[in-house]
Structure formats: structure tokens, C-alpha cells
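The figures here come from the full heavy-atom set of this structure, side chains too, leaving out hydrogens, waters and symmetry mates. By convention here, the first residue in the shown sequence is residue 1.
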Amino acid sequence: ASLAIWLDADDASTITLNGSNVSQWDDKSGNGNHVAQGAAAVQPAYTLNNLNNKPGITSTGSALLESLSNIAWNFDISSFATVCNFASVDAYEMLFQLTSPTEGGSTDFLFFRRNQSFNTIDFNSSSTGLGELSSDAAVYTGRYERNIARNTSVNGAVFTGTPSGAFTGQVSNARFSILGPSNPFAGSLNEIILCKNYLPDADRQKLEGYLAWKWGLEANLPAGHPYKSTPPTA
């Protein structure tokens, strides 16, 4: 019920191409939160055999897809799951971000990125990162609830941190972008899911299992993970 954004590179019906580049990527959540880019120079590429014979959206660090309209969002609580590969090693690469620059008197910010200083990953800011960056494509998740919890998982291994941020809560004018615009992302993105709640562990693990088995990464799940041997069922 909290599903807000779902972008799936393996569903060709959601991809609008300009040659071999992506001009629009449609949201499968049913909420119409599509992302697009009209400028050909900053459109990402659509690569057919990107990860285990499945397609991906790829960028060398100059691409950007942005939401077509404002999104209602509560910045105090969010979760996400994604399969991606951070290719660069010399930048604070931003995979996605949600911003609301006008409500509440300051910029609200939700993001997932590579932390250049520690070669880790950050979800909603951390001085040292919340999990070691994978050198290959990986299943990442993140969950945040203001003043309660903040954590990530890398291929099913959970890392925790201190909740932070002084957000305004619910806004009506959030903007969603992937692959930038600040600290542009270089690498590949295969699938990303954002939810408007803090996912319980059982739901987080189901998403990890779904993504791992779909994208051929199930061997990377840790021993003891409920979906190490078999994928989740609906």
C-alpha cells in the first residue's frame, strides 16, 4: 500500500527510447511518477545485456532523469530497494534524490549515494556511510524513520546508523530524480522501488529476495537469509 515509485529496466514497455537513449522511464507503481529527460545530451543509455542477460539504464556520469510532476512525500519516513552498480570511484555519486526546496523554509532532502571519502554507501546522510560499497552490481535497501531508525542493507547484510535530519514531514511539491543532478551517478541502474513507510524486516527481505533472484544475484545473499535458496512467492 505504501509503494510510491517502481522503475524496472527489464520491462521494455515502460521505456521510451530516443535511438538507444532513454527519454522517459515509466513508473509501474500506478502512481504516475514517471521520470523523463528531453535533452538528448543528458539522456542515459538503454543497454540490453547489462546484468546477467537483462537490460539496464547506464550513465557515464552525465545523465539525468527527473519526475514530470510534483510528488506528495513525507520526508520523515521512507524506504527503498534497488539493484545498481556504482562504476566510478572518484565522486559522491547520487543514484537518486527527492527534494522539496520551497516548503518548510528549507530544502528537504532524501537520497542514496556512494560516499567517496569512505567507499561506502549513504542513505539520508552519514559521516562514515552505512555499509560497504559492492564492487559489482548489488541489491541495496534503505529505511529511514525520523528519530527512530536508519539503516541500509547490501546484498541482505544490514548496517545501522543514527537517525538524522530535521525535515518538515509531509510536503506536496517534492521532485524525484535519478542519476543526478548533483554528484552525477556513473554506472548502471536495473530496478528501483521507493515506499512511503519504514518497511518491516520481513518485507525488506522479500524485496531483497525478489530483486536478487530476478537479476541473478541470489548467490550474494548471506547464509540464513530466508530467500537464499528459493525466491519469495506473491
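For the pair K196 (side chain) and F75 (backbone), a donor-acceptor distance under 3.5 Å is absent. Side-chain N or O atoms of S23 include one that pairs as donor or acceptor with a backbone N or O of T16 at under 3.5 Å. The main-chain N or O of P55 is found under 3.5 Å from a side-chain atom of N190 such that the two form a donor-acceptor pair. Put simply, the side chain of R113 never gets that close to the backbone of F123: no donor and acceptor are under 3.5 Å apart.
Among residue pairs with one or both ends in residues 32-46, those qualifying as side-chain hydrogen bond (donor to acceptor under 3.5 Å, both in side chains) are N18-Q43; sequence neighbours excluded. Within the structure, every pair that satisfies the side-chain hydrogen bond (donor to acceptor under 3.5 Å, both in side chains) test and touches residues 219-234, not counting sequence neighbours, is listed here: E208-H225. Applying the salt bridge (charged side-chain N to carboxylate O under 4.0 Å, His left out) test to every pair with at least one member in residues 210-226, sequence neighbours left out, gives these pairs: D8-K214, E191-K214.
Here the side chains of L51 and V83 are in contact, with some heavy-atom distance below 4.5 Å. N183 places none of its side-chain heavy atoms less than 4.5 Å from the side chain of F111. Inter-residue side-chain proximity for T14 and W25 is flagged as met; some heavy-atom pair is nearer than 4.5 Å. Side-chain contact between L130 and T120: absent, with no pair of heavy atoms (C-beta onward) separated by less than 4.5 Å. Looking only at side-chain heavy atoms (C-beta outward), L110 and F176 stay at 4.5 Å or farther from each other. Residues F80 and L95 form no side-chain contact, since every pair of their non-hydrogen atoms from C-beta on lies 4.5 Å or further apart. By the 4.5 Å heavy-atom criterion applied to side chains, T141 and T152 are not counted as neighbours.
Separating the CG atom in N115 from the CG atom in D122 is a distance of 4.0 Å, to the nearest 0.5 Å. Summarising the geometry, atom CG belonging to D26 is positioned 8.0 Å from atom CD1 belonging to I15; distances are rounded to the nearest 0.5 Å. In this structure, I5 CD1 and D27 CG are separated by 6.5 Å, a value rounded to the nearest 0.5 Å. To the nearest 0.5 Å, the span separating CG on L64 from OG on S177 amounts to 6.0 Å. The CG atom of L217 lies 6.0 Å from the CG atom of N52; values are rounded to the nearest 0.5 Å. E66 contributes atom CD, which lies 10.0 Å from atom CD1 of I178 (distance to the nearest 0.5 angstrom).
Scanning both residues, S67 and V35, for their nearest heavy atoms gives N-CG1, 3.9 Å. In this structure, A9 and G56 approach most closely via the heavy-atom pair CB-CA, 4.0 Å. Across all their heavy atoms, T82 and L211 have their closest contact at N-CD1, 3.9 Å. Between G169 and D76, the closest heavy-atom pair is CA-OD2, 3.4 Å. Scanning both residues, F112 and C84, for their nearest heavy atoms gives CE2-SG, 4.4 Å. Of all non-hydrogen atoms in P184 and G61, the two that sit nearest each other are CB-O, 3.0 Å.
N119 and R114 are linked by a side-chain donor-acceptor pair at a separation below 3.5 angstrom, with hydrogens and angles left out of the test. Side-chain N/O atoms of D136 and S134 include no donor and acceptor closer than 3.5 Å. Between the side chains of W73 and S78, at least one donor N or O lies within less than 3.5 Å of an accepting N or O. In summary, the side chains of Y92 and S117 do present a donor paired with an acceptor at a separation below 3.5 Å, with no hydrogens or angles considered. Between the side chains of N70 and R175, a donor-acceptor pair is found at a separation under 3.5 Å. Residues T47 and T58 bring a donor and an acceptor atom of their side chains to less than 3.5 Å of each other.
Every salt bridge (Lys or Arg N to Asp or Glu O under 4.0 Å) that D201 has, sequence neighbours left out, goes to R143, R204. S182 is linked by a side chain to side chain donor-acceptor pair (under 3.5 Å) to Q97, counting only residues two or more places apart in sequence or in another chain. By the salt bridge (Lys or Arg N to Asp or Glu O under 4.0 Å) test, K54 pairs with D10, sequence neighbours left out.
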Please evaluate residues M94 and L179 with respect to the criterion side chain to side chain contact (heavy atoms under 4.5 Å, CB included), reporting the C-alpha separation (whole Å), side-chain torsions for both, the decisive distance (0.1 Å), and the verdict. CA-CA 6 Å; M94 193 79 69; L179 314 178; over 6 Å; no
Test ring pair (Phe, Tyr, Trp, His ring centres under 6.0 Å) on F96 and F185 and set out the steps. CA-CA 9 Å; F96 75 81; F185 172 87; over 10 Å; no
